Amino acid sequence: QVQLVESGGGSVQAGGSLRLSCAASGYTFTRNCVGWFRQSPGKEREGVAVMYTSGGMTYYADSVEGRFTISEDNAKNTVYLQMNSLELEDTAIYFCAARNTYSSRWCSSVIGSTNPDFDHWGQGTQVTVSS
């Protein structure tokens, strides 16, 4: 019924770019906190970028700010993560997530959370950055 599907992952050399997509079916991102998270072996999940769709506010982890951009295409009901200037430490499985909420404050808070209470999660897409 409700499904989030990530795509766009792959292998790229350091300094390169990738664009991840998160397409929703049976669901809309209207008035939602939507975000991207990543997890690598031996490390806990971390928030990378989130957006509160009602106002378009975005929040980024310090490690990716200035390099990553989260955006939304309302017509396609899809959220994107543009990743530029990729670094080795960006290697991880990237997940998208969504939660219907009226609170932009809650949305901003998930950047520092390892287990945010989102309603829906995608299956993940692998990003591998090499030298």
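Here the structure is a predicted model, which is why all the values come from computation and not from measurement. Side chains are part of it too, since the values below use all heavy atoms of this structure and drop only hydrogens, waters and symmetry mates.
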So, E6 side chain and G124 main chain: donor-acceptor pair closer than 3.5 Å or not? yes

Please report the closest heavy-atom contact between T30 and T53, naming both atoms and the distance. C-OG1, 3.8 Å

Linking I/L/V/M/F/W/Y whenever their side-chain heavy atoms sit closer than 4.5 Å, directly or via other members, would V79 and V110 fall into one cluster? no

Indicate if W121 and I111 have the same hydrophobic cluster label, given that clusters are the connected sets of ILVMFWY residues with side-chain heavy-atom separations under 4.5 angstrom. yes

Taking L88 as the starting point, is it possible to reach V48 by hopping between hydrophobic residues whose side chains are less than 4.5 Å apart? yes

Determine whether a donor-acceptor pair (N or O, by modelled atom type, separation under 3.5 Å) exists between the side chain of N77 and the backbone of A23. no

Taking it one step at a time, do Y27 and D119 satisfy side chain to side chain donor-acceptor pair (under 3.5 Å)? CA-CA 11 Å; Y27 191 80; D119 296 321; 4.6 Å; no

Can you tell if the side chain of R67 reaches within under 4.5 Å of the side chain of M83, non-hydrogen atoms only? no

Could you pull out the closest heavy-atom pair between A61 and G47, with the gap in Å? CB-O, 3.5 Å

Hey, could you give me the CD1/CZ distance between I93 and R38, rounded to the nearest 0.5 Å? 13.0 Å

Apply side chain to side chain contact (heavy atoms under 4.5 Å, CB included) to the pair F29 and L4, showing each step before the final yes or no. CA-CA 11 Å; F29 290 124; L4 304 181; 3.9 Å; yes

Over all heavy atoms of both residues, which pair between G16 and V12 is shortest? Give the atoms and the distance, please. CA-CG2, 3.8 Å

According to a 4.5 Å side-chain heavy-atom criterion applied to Ile, Leu, Val, Met, Phe, Trp and Tyr, with indirect links allowed, do F37 and V64 form part of one hydrophobic cluster? no

Side chain to side chain contact (heavy atoms under 4.5 Å, CB included) between M57 and Y59, intermediate numbers included: CA-CA 7 Å; M57 292 83 75; Y59 312 93; 3.5 Å; yes

Find the distance between CZ (R99) and OH (Y52) and round it off to the nearest 0.5 Å. 11.0 Å

Less than 4.5 Å apart, any side-chain heavy atom of S40 and any of E89? no

Using side chain to side chain contact (heavy atoms under 4.5 Å, CB included), reason through L86 and F68 one step at a time and then give a plain yes or no. CA-CA 9 Å; L86 284 163; F68 291 9; 3.8 Å; yes

Find the distance between CG (L20) and OG (S7) and round it off to the nearest 0.5 Å. 8.0 Å

Measure from the side-chain N and O atoms of T91 to the backbone N and O of V129, and report whether any donor-acceptor pair falls under 3.5 Å. yes

Given side chains that start at C-beta, do those of R45 and N115 come closer than 4.5 Å, heavy atoms only? yes

Interatomic distance, C22 atom SG to L81 atom CG [nearest 0.5 angstrom]: 10.5 Å

Contact check, side chains of Y94 and Q126, non-hydrogen atoms, under 4.5 Å: no

Would you say the rings of F118 and W106 are close, in the sense that their centroids are separated by under 6.0 Å? yes

Say you draw a straight line from CD of Q123 to SG of C96; how long is it, rounded to the nearest 0.5 Å? 7.5 Å

So which heavy atom on N84 is nearest to which on S17, and how close? OD1-OG, 2.9 Å

Go through I70 and Y60 one step at a time and tell me if the side chain to side chain contact (heavy atoms under 4.5 Å, CB included) criterion holds. CA-CA 9 Å; I70 186 171; Y60 297 93; 3.5 Å; yes

Nearest 0.5 Å please: distance from the SG atom of C33 over to the CG atom of D117. 11.0 Å

